[in-house]
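Read the structure below first, then the notes.
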Amino acid sequence: MKLVPGLQSSVSGGPTTGQLIVDAKNVSRVFSMPAGPVTAVRDVTLQINSGDHIAVRGPSGCGKSTLLHMLGCVEPQTSGTLLFDGQDVSRLSDARRSLLRLKQIGFVFQRFFLLPMLTARENVELPLSEAGVPKQARQTRAAELLEYVGLAARADHRPSQLSGGEMQRVAIARALANGPRLLLADEPTGELDESTGAQIASLLDRVNQAGTALVIVTHDSTLADRAGRVLMMRDGQIESERVR
């Protein structure tokens, strides 16, 4: 099955456009702090469908990253309901939430978080290994993905031998390894120069055009303007939404 344009893989799964993936209703996240409770996200209602391209903007500390972690089933909501593919995430065991994240959700971060002792190919293989994919199949899949992000010739290089843009490409390939339905990116161009950032933005566009839902938290207005929906957050709430 083609999980990304041009890729043939034995790994099952892959995006189907138009289907509801995430249905968040009045979700809030309150943190207990020594000085008293702090509400990071307040009564957010949001739906994400396969193929959506959403950018989340707002001032620092407004709850963007916390919301992203909630959508990715990493951070539990304090109140409200979060359904992923119709499943109430709060009712899943820790093991089932971990499996959901592994097989259905990809994460891309500002600082890459590649393991320095592993090659690019080995970093991409990690989530495949965790999902129990046989060695030959995961090697094939990693090679396909590195070719897809333009790094086939750098497969045996370690992160210290790669540029910032190359490390982010490896991180994107790793996030796509198990054919996720939802890709979440937190400031994916924040550590990159303008030219390299534009290349990463184009790569993310290509992934989204294949049908994978994409949600990006960013301060970069140029990156946000590429999205079909732009959410503006302030004080933990979605203040407005612009649809292109």
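Source: prediction; values computed, not measured.
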Is the backbone of Pro180 close enough, under 3.5 Å, to the side chain of Asn178 for a donor and an acceptor to pair up by distance? no

Same hydrophobic cluster for Leu182 and Leu203, using side-chain heavy-atom links shorter than 4.5 Å among ILVMFWY? no

If you look at every heavy atom in Leu176 and Tyr148, which pair is closest and at what distance? CD1-CE2, 4.3 Å

Give a yes or no answer on whether the side chain of Gln77 reaches the backbone of Met70 with a donor-acceptor pair at less than 3.5 Å. no

Could you tell me which non-hydrogen atom of Val133 sits nearest to which non-hydrogen atom of Arg138, and how far apart they are? O-NH1, 3.0 Å

Check the hydrophobic clustering (I, L, V, M, F, W, Y; side-chain heavy atoms under 4.5 Å; chains of links allowed) and say if Val27 and Leu92 are grouped together. yes

Lys/Arg N to Asp/Glu carboxylate O, Arg229 vs Asp52, below 4.0 Å: yes

At their closest point, which heavy atom of Leu183 faces which heavy atom of Ala175, and how far apart are they? CD1-CB, 3.6 Å

Let me confirm one number: the CD-CZ distance from Gln168 to Arg111, rounded to the nearest 0.5 Å. 12.5 Å

Backbone N or O of Leu192 within a donor-acceptor pair of the Thr189 side chain at under 3.5 Å? no

Do you know which two heavy atoms are closest between Ala173 and Leu145, and how far apart they sit? O-CD1, 3.5 Å

When you group the ILVMFWY residues by side-chain heavy-atom contacts below 4.5 Å and let the links chain together, are Val41 and Val217 in the same group? yes

To the nearest 0.5 angstrom, please state how far the CD atom of Gln139 sits from the CD atom of Gln136. 7.5 Å

At their closest point, which heavy atom of Leu204 faces which heavy atom of Pro188, and how far apart are they? CD1-CG, 4.0 Å

Main chain of Pro127, side chain of Arg174: is a donor-acceptor contact present, judged purely on distance under 3.5 Å? no

Assess whether side chain to side chain contact (heavy atoms under 4.5 Å, CB included) is satisfied between Gln104 and Asp85, documenting all intermediate values. CA-CA 10 Å; Gln104 301 288 341; Asp85 200 21; 5.7 Å; no

Evaluate the side chain to side chain contact (heavy atoms under 4.5 Å, CB included) criterion for residues Asp235 and Arg42: first the C-alpha distance (whole Å), next the side-chain angles of each, then the deciding distance (0.1 Å), finally the verdict. CA-CA 8 Å; Asp235 298 328; Arg42 187 190 311 271; 5.7 Å; no

Can you establish whether the number of heavy atoms outside Met117 located under 6.0 Å from its atom CE is more than 12? yes

Check whether Thr78 reaches the backbone of Val30 with its side chain - one donor and one acceptor, N or O, closer than 3.5 Å. yes

If only atom types and distance count, is the side chain of Asn123 paired as donor or acceptor with the main-chain N or O of Leu115 below 3.5 Å? yes

Quick check against the 3.5 Å criterion: does Asn208 have a side-chain atom that pairs as donor or acceptor with the backbone of Ala213? no

Hey, are the side chains of Thr81 and Asn26 touching, using non-hydrogen atoms and a 4.5 Å cut-off? no

Just list the side-chain donor-acceptor pairs under 3.5 Å for residues 58-65, sequence neighbours left out, or say none.
| residue | atom | partner | partner atom | Å |
| --- | --- | --- | --- | --- |
| Lys64 | NZ | Gly58 | O | 3.0 |
| Lys64 | NZ | Pro59 | O | 3.2 |
| Ser65 | OG | Asp186 | OD1 | 3.4 |
| Ser65 | OG | Asp186 | OD2 | 2.9 |

Heavy-atom count check: over 12 atoms from other residues, nucleotides or ligands less than 6.0 Å from Glu147 CD? no

With distance as the sole test, does Arg181 use its side chain to make a donor-acceptor pair with the main-chain N or O of Ser50 at under 3.5 Å? no

For Asn49, I'd like to know if atom CG has over 12 heavy atoms of other residues, nucleotides or ligands within 6.0 Å. yes

Parallel, tilted or perpendicular: rings of Phe107 and Phe109 (30°, 60°): parallel

How far apart are the C-alpha atoms of Leu126 and Leu118, what are their side-chain angles, what is the distance that settles it, and do they pass the side chain to side chain contact (heavy atoms under 4.5 Å, CB included) test? CA-CA 10 Å; Leu126 271 179; Leu118 301 182; 3.8 Å; yes

In terms of hydrophobic clustering (I, L, V, M, F, W, Y; side-chain heavy atoms under 4.5 Å; direct or indirect links), are Leu146 and Val108 co-clustered? yes

Does Phe31 have Arg29 sitting over its ring (NZ/CZ under 6.0 Å from centre, angle to axis within 45°)? yes

Drop me the distance from Ile54's CD1 to Glu241's CD, to the nearest 0.5 angstrom. 7.0 Å

Would a hydrophobic clustering, with Ile, Leu, Val, Met, Phe, Trp and Tyr connected at side-chain separations under 4.5 Å, put Ile200 with Val215? no

Checking Leu231 against Leu46 for the side chain to side chain contact (heavy atoms under 4.5 Å, CB included) test, could you report, in this order, the C-alpha distance in whole Å, the side-chain angles of both residues, the deciding distance, and whether it holds? CA-CA 10 Å; Leu231 311 180; Leu46 177 64; 3.8 Å; yes

Calculate, to the nearest 0.5 Å, the distance between atoms CG and NZ belonging to Leu82 and Lys25 respectively. 11.0 Å

Does the pair Arg57/Asp225 count as a salt bridge with the N-to-O cut at 4.0 Å? no

Flag this pair as yes if the NZ/CZ of Arg97 is under 6.0 angstrom from the six-membered ring centre of Phe84 and inside a 45 degree cone about the axis; otherwise no. no

If you take all heavy atoms of Gln161 and Asp156, which pair is closest and at what distance? OE1-O, 4.4 Å

